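Here the structure is laid out as C-alpha cells; the discussion comes afterwards.
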2 protein chains.
Amino acid sequence: MKLTEARQQFISSWGAFGTHWGINRTMAQIHALLLICSDPITQDDIMEELNISRGNTNMNIRELINWGLVERVILPGERKEFFLAEKDIWKVVKLIVKERKKRELEPMLQLLDKLEEVEGDKRDKNVKSFLETVGNIKKLGKQADKTLDTMIKAEESWFISSLMKIFK
Amino acid sequence: MKLTEARQQFISSWGAFGTHWGINRTMAQIHALLLICSDPITQDDIMEELNISRGNTNMNIRELINWGLVERVILPGERKEFFLAEKDIWKVVKLIVKERKKRELEPMLQLLDKLEEVEGDKRDKNVKSFLETVGNIKKLGKQADKTLDTMIKAEESWFISSLMKIFK
DNA sequence: TCATACTTTCAGTATTTTTTGAAAATTCAA
DNA sequence: TTGAATTTTCAAAAAATACTGAAAGTATGA
C-alpha cells in the first residue's frame with residue numbers, strides 16, 4: 001500500500017471510529033491528519049486534504065484546541081497560523097478521558113445523588129427497585145471516577161506496568 | 001422529588017448520556033426504563049411510558065437483546081411477550097464493553113496492522129511520522145484489548161479490589 | 001492610516017440518523 | 001385450519017446534526 005492511500009484510510013477510519021464515540025467525524029479526521037503530520041500545517045492544508053470548508057475546518061480546529069489535543073503555532077516570518085497535534089498517544093488518551101469525565105461522568109454522578117433523595121415508601125417495590133438501580137450505578141460511577149482521576153495523573157510506564165501486574 | 005419525576009429524569013438523562021457514547025437515545029431510554037422495573041414489562045408498557053411508536057420500540061428492544069442486556073420473558077397464561085433487563089451493573093458494563101470491543105476496537109486494530117505495511121522509504125519524514133503514529137496507537141490499543149479481555153472475565157469484587165490496590 | 005491577508009461567525013442548506021405507522025408476517029388458541 | 005392477537009419490517013417523514021460560504025471581524029506591516 002502506498003503512503004497516500006494508507007493516510008487516507010487512517011483518516012477515514014479514525015473519523016468513523018470517532019462517530020461511534022460521540023465525536024464528530026470531521027473533528028476526528030482533522031485530528032487524525034494532524035497526528036500523522038510531523039510538522040505544523042495550516043488551515044488551508046487541512047481544507048485541501050480533507051475537502052472541507054473553511055468554516056467547518058475552523059470550528060473543529062478550535063474544538064481540538066479546547067480539548068488540548070492541538071496547539072496553534074506561529075512560525076517566524078509566516079503570516080498564517082499553523083497547527084500541531086500532541087503526538088504522545090498516552091497524553092492524548094488522558095486529555096480525552098479528562099474532558100469526557102468532566103462533561104459527562106461528573107454531571108451524571110451529580111444527578112444520581114439528587115435522584116437518591118426520591119420521596120416514597122422504601123418498601124414500595126417501584127421505589128425499592130429505582131433506588132437500588134440508581135445506587136448501584138452511582139457506586140460503580142464513583143469508583144470509575146476515582147480510577148480515571150488516578151489514571152489522568154499517571155505516567156504511561158507506571159500505568160502500563162501496573163496493569164501488567166494485574167492483568168497478566 | 002416524587003418517584004414519577006425521578007424516573008423521568010433518570011430515563012431522560014440516561015438517554016442523553018447514551019447519545020454522547022454512540023448509543024441511540026431511544027435504546028438507552030428503554031434500557032433505563034427496564035433497569036428500574038423490578039418485574040418484566042411489555043412492549044406496550046414501554047411505548048406508553050416513553051411515548052414512542054411500536055416500530056421504534058420493537059427495533060430497539062431487539063438491539064438490547066442482541067447486546068445481551070435484555071431478555072424476552074414468556075409469562076404463563078399471557079399472550080404478550082415481556083421484557084426484563086439484566087440488573088447487575090457490573091455485568092451490564094461487561095456486556096457493553098464486550099460488544100463495543102468486538103465492533104470497534106478489534107476492527108481498528110486489524111486496520112492498523114494493515115497500515116503498518118505501507119511501502120516507502122522509512123527515512124522519508126512523512127512515512128516515518130505515519131508509522132510512528134500508527135505504531136503507537138496500535139501498541140496502546142493492543143494493551144487496552146488485553147486489559148478489557150481480562151476485565152470481561154473478571155468478578156466485580158475481584159476487579160474493584162484490584163483497582164483499589166493500585167488506585168488507592 | 002490603509003490595504004491586505006487571514007480568521008471567525010452563523011444563517012441557511014445539506015446530510016445523516018432516527019422515528020413513524022401501516023402492511024406483512026407470525027403465533028397461537030380454538 | 002381459521003382468525004384474532006401480536007410482532008416485525010421498512011419506505012417515507014421528521015428530527016437532529018453537520019457543513020458551507022459569504023460577510024464581518026482582526027491582525028499586520030508598509
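Just so it is clear, the structure is predicted and the values come from calculations on it, not from any experiment. In what follows, every chain begins at residue 1, and chains take the letters A, B, ... in the order their sequences are listed. Quick note: numbers below take in every heavy atom, side chains included, and nothing from hydrogens, waters or symmetry partners.
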Please compare B:I52 and A:T19 by the position of their nearest nucleotide in DNA chain C and report the one closer to 5'. A:T19
Whole angstrom value for the distance that separates P of C:dT17 from CD of B:E63: 15 Å
Measure the distance from CG on A:N51 to C1' on D:dC19 and round it to the nearest whole Å. 13 Å
Test of understanding: clusters of I, L, V, M, F, W, Y form through side-chain heavy atoms closer than 4.5 Å, transitively. Do A:L35 and A:L84 belong to the same one? no
Counting heavy atoms from C-beta on, name the nucleotide in C:dC6, C:dT20, D:dT8 closest to the side chain of B:Q43. D:dT8
Ignoring the backbone of B:E81, work out which of C:dT20, D:dT7, D:dT20 is nearest its side chain. D:dT7
For A:K80 and C:dT7, give me the distance from atom NZ to atom P, rounded to whole Å. 7 Å
Scan A:N24 against the nucleic acid and name what it touches under 4.0 Å (heavy atoms): base, sugar-phosphate only, or nothing. sugar-phosphate
Under 4.0 angstrom, heavy atoms only, what part of the nucleic acid is A:R25 near: base, sugar-phosphate, or nothing? nothing
Just by distance, with hydrogens left out, do B:Q143 and B:T147 show a side-chain donor and acceptor under 3.5 Å apart? yes
Using whole Å, report how far CE of A:M27 lies from P of D:dT17. 16 Å
Of the candidates C:dC10, D:dT7, C:dT7, the side chain of B:R54 sits closest to D:dT7
Can you check the A:E48 CD to D:dT20 P distance for me, whole Å? 15 Å
Quick check on D:dC19: is either OP1 or OP2 less than 4.0 Å from any side-chain nitrogen or oxygen of A:T26? yes
Indicate, with a heavy-atom threshold strictly under 4.0 Å, whether A:N58 touches base, sugar-phosphate, or nothing. base
Under a 3.5 Å cutoff, is there a donor and acceptor pairing between the side chains of A:D45 and A:T42? yes
Return the nearest nucleotide to the side chain of B:R62; candidates are C:dT8, D:dT9, C:dT18. D:dT9
Candidate nucleotides D:dG21, D:dT9, C:dT19, ranked by approach to the side chain of A:S53 - the nearest: D:dG21
Nearest to the side chain of A:R79, heavy atoms from C-beta on, is which of D:dC19, C:dT7, D:dA27? D:dA27
Spacing of B:Q29 atom CD relative to C:dT18 atom P, expressed in whole Å: 13 Å
Answer yes or no on whether B:R100 is positioned over the face of A:W21, meaning its NZ or CZ is under 6.0 Å from the six-membered ring centre and within 45° of the axis. yes
Calculate the interatomic distance between B:I23 atom CD1 and C:dT18 atom C1'; express it in whole Å. 15 Å
Which listed nucleotide (D:dC19, D:dT8, C:dT20) is nearest to the side chain of B:R72? D:dT8
Nearest-Å distance for atom pair CG/P, residues B:N56 and D:dA13: 18 Å
Using a strict cut-off of less than 4.0 Å between a Lys/Arg side-chain nitrogen and an Asp/Glu carboxylate oxygen, indicate whether B:E49 and B:R7 qualify as a salt bridge. yes
